[in-house]
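Here it is: the structure, laid out below.
Quick caveat, the model's predicted, so the values are computed rather than measured. Positions are given from 1, in the same order as the sequence printed here.
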Amino acid sequence: MSKFLKISSQELLALLTPIILIIPNIALNFTEHLSVLSAITNIILPLGVYLFLTTYFRKIGITVWCLLPIMIYCGFQIVLLYLYGCSIIGVDMFLNVVTSNATEIAELLGNLIIAIGSLIIVYIPALVYASICISKKRILSNTFMSKWNKVGIVTTITGAILLSASYALTPDFSITNDIFPVNVSKNLVLAFKRHSQSDNYPKTSKNFTYNAKSTHNDSIPEIYVVVIGETSRAEDWQLLGYNRETNPELSKANNLTAMPKAFTQSATTHKSVPMLLSPLTANDFDSIANRKSVITAFKEAGFYTSFFSNQKRNHSYTEFFSEEADTTIYLPDFSAKQPYDEELIALLEKQIGNKSHNKQLIVLHTYGSHFNYAERYPASHSFFKPDSKTDANKKDRQQLVNAYDNTIRYIDYYLKQAIDTLNNTGVSAALLYSSDHGEDIYDDERGRFLHASPVPTYFQLHVPMIVWISDKFTELFPTKVSTLAANKNKVVSSTVSIYNTLIDLAGINTYYYDEEGSLASNKFTSPKLLFLSDRNEPVTIDSTTINIIDYNNLIAKIKE
């Protein structure tokens with residue numbers, strides 16, 4: 001010990017840097033399902049490599065700064081574990097950084113003081129002292145380097161032996177899945193590939209066609225409205241059994257069908273919204289590069305199409321889909337601050353008032369219940385109190401829930417406005433609503449918060465889904481309406497059924513229609529519940545793929 005204490009400060013930096021870099025590996029050994037052998041490998045191999053690197057080069061300051069990408073990985077990973085309690089940094093996490101707007105990121109980071117503060121305490125001092133070493137030209141001694149680099153080599157070789165043993169003795173083990181930061185590096189590469197794929201989307205989808213034709217009478221006016229919610233979970237909807245009055249308006253609406261057992265196939269916006277608006281599902285999501293949205297199907301069938309969004313443009317597939325419409329408007333393009341969702345209703349009213357279009361499809365993409373909840377509705381819609389702006393902290397859960405429930409009441413308010421607007425036209429019309437995904441709000445002992453975790457929870461997957469039908473539509477297509485009501489209590493995949501039900505209701509004939517996915521079809525079949533994995537693989541939802549708490553919640557809901 002005395003000899004250790006006599007080493008110089010720059011040499012101490014060389015030994016402590018591998019230790020702070022291995023912190024995520026230690027944490028992941030407790031949060032992930034690794035075998036004992038894999039867990040040991042996840043510590044020894046990276047530790048050996050880090051120690052070898054920090055003691056091989058004399059200019060330790062430069063070495064530490066060269067390890068900055070690994071530190072960023074580590075910091076990102078610690079924040080993710082703070083939020084979700086498990087999982088490595090996924091492909092979707094990287095893509096979320098690209099597709100989320102600056103306001104969303106600022107709101108989130110501003111409410112993660114504890115996690116970010118911890119990162120500053122752990123990693124910033126090392127970088128600061130590395131800078132001092134560079135400026136004062138401090139280097140490692142030859143004696144220190146010779147001794148500790150040998151330790152690094154031996155540790156690395158030991159890790160390599162353990163790695164081979166893990167491959168030989170542990171089923172499904174892979175260095176690109178189980179060893180941090182190799183697994184995260186692979187996900188980063190995949191994220192770059194997907195981002196590049198989306199950049200090429202206009203070219204790869206250029207020749208796609210639905211060959212869609214309308215089977216309804218051309219002279220009869222029709223209006224179909226799709227409202228895409230954001231971060232709204234079914235657990236907080238009064239219509240779906242919640243014990244708070246969060247849907248006072250929709251609860252009184254006529255001709256409205258709510259699906260209590262609807263589940264999304266993705267808890268990430270950049271995947272779930274494209275599935276809601278197209279025939280894509282978890283089984284074939286990677287074909288998105290060659291597909292267009294339901295908007296194109298309606299255009300081919302003779303409909304005038306509009307896309308009104310309260311989200312910011314983010315160069316995602318959703319934005320590409322929106323540009324297919326005859327009219328595309330993004331509210332944030334015209335406002336310095338985030339508008340409220342009810343402003344979309346004014347656009348809806350104006351568009352419907354345009355009598356030059358006999359048949360219309362209108363898509364409204366809302367900002368919904370996205371965190372920070374208290375900023376998603378006007379002060380006049382503050383019903384559950386206290387609901388003041390709070391940090392993302394479990395001790396503030398009741399205020400968070402109050403604010404969140406106020407967002408649901410606000411959704412209730414403007415959805416009823418949309419329904420009334422359609423109803424007043426007297427034409428054949430339908431409105432379909434579903435949220436892209438749900439949300440965790442510190443619901444159980446795990447302390448989970450927000451959404452988009454690589455392994456989704458029940459609260460992220462269970463989403464509200466409703467269909468409203470006008471009197472005129474009921475008069476023209478009574479069988480569709482009665483079938484819709486008959487299917488309401490069945491298990492539904494929102495990301496399958498929104499598209500297919502919309503195509504069915506509008507009477508559009510296209511190859512890209514699955515009658516087993518339409519709630520208005522007597523051939524509707526409850527699907528096997530899936531979620532789209534971080535690496536775009538369809539994963540069956542069962543007790544081996546999600547947490548047992550979430551699985552039990554799901555089974556209980558299905559059996560109701």
Side-chain angles (χ1 to χ4, degrees), residues 212 215-216 222-229 232 234 237 239-241 247 250 253-266 272-273 275-283 293-294 297-298 301 361 363-364 415 418-419 422 428-438 461-510 512-530 554 557-558 560:
T215 61
H216 289 176
E222 294 179 278
I223 303 172
Y224 297 93
V225 175
V226 179
V227 183
I228 302 171
S232 181
W237 278 60
L239 276 176
L240 303 173
N247 302 123
L250 293 178
N254 295 323
N255 305 332
L256 186 145
T257 304
M259 289 74 192
K261 302 176 183 179
F263 298 89
T264 182
Q265 291 184 337
S266 176
S272 56
V273 173
M275 286 193 283
L276 287 168
L277 293 177
S278 74
L280 296 164
T281 70
N283 286 312
S293 78
V294 70
F298 271 73
L361 168 70
V363 179
L364 305 180
L415 281 181
I419 288 171
L422 289 170
S428 178
L431 179 146
L432 291 78
Y433 168 90
S434 184
S435 181
D436 54 357
H437 51 72
L461 294 172
H462 188 206
V463 293
M465 179 177 171
I466 64 172
V467 180
W468 173 84
I469 301 294
S470 71
D471 290 336
K472 185 63 176 179
F473 186 99
T474 303
E475 175 188 324
L476 294 172
F477 309 104
T479 302
K480 295 291 183 188
V481 178
S482 61
T483 303
L484 188 66
N487 287 327
K488 66 173 289 186
N489 288 314
K490 294 181 180 179
V491 173
V492 177
S493 174
S494 59
T495 38
V496 173
S497 287
I498 285 289
Y499 166 83
N500 286 295
T501 302
L502 181 63
I503 289 288
D504 192 358
L505 292 175
I508 292 177
N509 189 335
T510 173
Y512 296 94
Y513 164 67
D514 179 7
E515 59 185 351
E516 292 185 358
S518 170
L519 288 162
S521 168
N522 56 17
K523 294 186 179 180
F524 172 79
T525 303
S526 291
K528 177 189 290 186
L529 290 180
L530 306 171
L554 184 143
K557 174 56 63 175
I558 290 175
E560 284 183 0

> Just by distance, do the side chain of Thr215 and the backbone of Gly507 share a donor-acceptor pair under 3.5 Å?
Replying inline: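 Such a contact is found between Thr215 side chain and Gly507 backbone.
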
>> Donor-acceptor check, side chain of Ser482 to backbone of Thr479, threshold 3.5 angstrom: yes or no?
In response: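 Side chain of Ser482 to backbone of Thr479, a donor-acceptor pair under 3.5 Å: yes, one is there.
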
> Does NZ in Lys472 sit with more than 12 non-hydrogen atoms of other residues, nucleotides or ligands closer than 6.0 Å?
Replying inline: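 Not buried by this count: 12 neighbours or fewer within 6.0 Å.
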
> How far does CG of Asn255 sit from CG of Leu422, to the nearest 0.5 angstrom?
Replying inline: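 The CG atom of Leu422 is 12.0 Å from CG of Asn255, to the nearest 0.5 Å.
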
> If every non-hydrogen atom of Val463 is compared with every non-hydrogen atom of Ser434, which pair is closest and at what distance?
Replying inline: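 Between these two residues, the closest heavy atoms are CG2-OG, 4.0 Å.
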
>> Return the OH to OG distance between Tyr499 and Ser293, rounded to the nearest 0.5 Å.
In response: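 Reported value, rounded in 0.5 Å steps: 9.5 Å.
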
> Does the side-chain contact (heavy atoms from CB on, under 4.5 Å) test come out yes or no for Leu432 and Leu505, once each step is laid out?
Replying inline: CA-CA 10 Å; Leu432 291 78; Leu505 292 175; 4.1 Å; yes

> Where do Ser494 and Leu276 come nearest, in terms of heavy atoms and distance?
Replying inline: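 Distance-wise, the nearest heavy atoms are O-CD2, 3.5 Å.
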
> Do Met465 and Leu519 come within less than 4.5 Å of each other through their side chains, counting heavy atoms only?
Replying inline: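 Met465 reaches Leu519 side chain to side chain.
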
>> Do Ile419 and Leu256 make a side-chain contact, defined as non-hydrogen atoms from C-beta onward lying under 4.5 Å apart?
In response: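 Touching, per the 4.5 Å side-chain cut-off.
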
> For the residue pair Lys261 and Lys490, what are the closest heavy atoms and their distance?
Replying inline: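 Nearest heavy atoms, Lys261 then Lys490: CB-O, 3.7 Å.
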
>> Do Ile558 and Leu529 have side chains that approach each other closer than 4.5 Å (heavy atoms only, starting at C-beta)?
In response: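 The answer is yes, as the side chains (C-beta and beyond) meet within the 4.5 Å cut-off.
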
> Say you draw a straight line from CE of Met259 to CG of Leu239; how long is it, rounded to the nearest 0.5 Å?
Replying inline: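 The CE atom of Met259 sits 11.5 Å away from the CG atom of Leu239.
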
> At their closest point, which heavy atom of Leu476 faces which heavy atom of Ser428, and how far apart are they?
Replying inline: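 Between these two residues, the closest heavy atoms are CD1-CB, 3.9 Å.
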
> Are any of the side-chain heavy atoms of Leu415 and Ile466 separated by less than 4.5 Å?
Replying inline: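 In contact.
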
> Which value, rounded to the nearest 0.5 Å, describes the distance between Ser526 atom OG and Asn487 atom CG?
Replying inline: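 So the OG of Ser526 and the CG of Asn487 are separated by 8.0 Å.
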
> Quick one: OH on Tyr513 to OG on Ser521, what's the gap to the nearest 0.5 Å?
Replying inline: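 Those atoms lie 4.5 Å apart.
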
> If you round to the nearest 0.5 Å, how far is CD1 of Ile498 from OG of Ser278?
Replying inline: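 Reported to 0.5 Å precision, the distance equals 12.5 Å.
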
> Is Thr501 reaching over with its side chain to a backbone N or O of Ser518, donor-acceptor style, under 3.5 angstrom?
Replying inline: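 Here the side-chain-to-backbone pair does not exist.
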
>> Any side-chain to backbone donor/acceptor pair from Ser470 onto Phe473? Under 3.5 Å, distance only.
In response: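 Checking the backbone N and O of Phe473 against the side chain of Ser470, a donor-acceptor pair under 3.5 Å is found.
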
> What are the two closest heavy atoms between Gln265 and Ala282, and how far apart are they?
Replying inline: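 Looking at all heavy atoms of both residues, the closest pair is OE1-N, 2.8 Å.
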
> Does a side-chain heavy-atom distance below 4.5 Å link Leu502 with Phe298?
Replying inline: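 Leu502 reaches Phe298 side chain to side chain.
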
>> When you measure from the side chain of His216 to the backbone of Ala506, do you find a donor-acceptor pair of N or O atoms at a distance under 3.5 Å?
In response: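 Yes, His216 side chain to Ala506 backbone: donor-acceptor pair under 3.5 Å.
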
> So Tyr433 and Ser232, side-chain contact (heavy atoms from CB on, under 4.5 Å) or not? Walk me through it.
Replying inline: CA-CA 11 Å; Tyr433 168 90; Ser232 181; 3.5 Å; yes

> If you take all heavy atoms of Ser272 and Ser266, which pair is closest and at what distance?
Replying inline: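 Looking at all heavy atoms of both residues, the shortest contact is CB-O, 3.6 Å.
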
>> Using side-chain heavy atoms (C-beta onward) and a distance below 4.5 Å, is Phe524 in contact with Val492?
In response: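 Yes - at least one pair of side-chain heavy atoms lies under 4.5 Å apart.
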
>> Contact between Thr483 and Lys523 at the side-chain level, heavy atoms closer than 4.5 Å - yes or no?
In response: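 No. Closest side-chain heavy atoms not under 4.5 Å.
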
> Can you tell me if Asp436 uses its side chain to pair, donor with acceptor, with the backbone of Ile228 under 3.5 Å?
Replying inline: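 No, because the side chain of Asp436 does not come within donor-acceptor range (under 3.5 Å) of the backbone of Ile228.
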
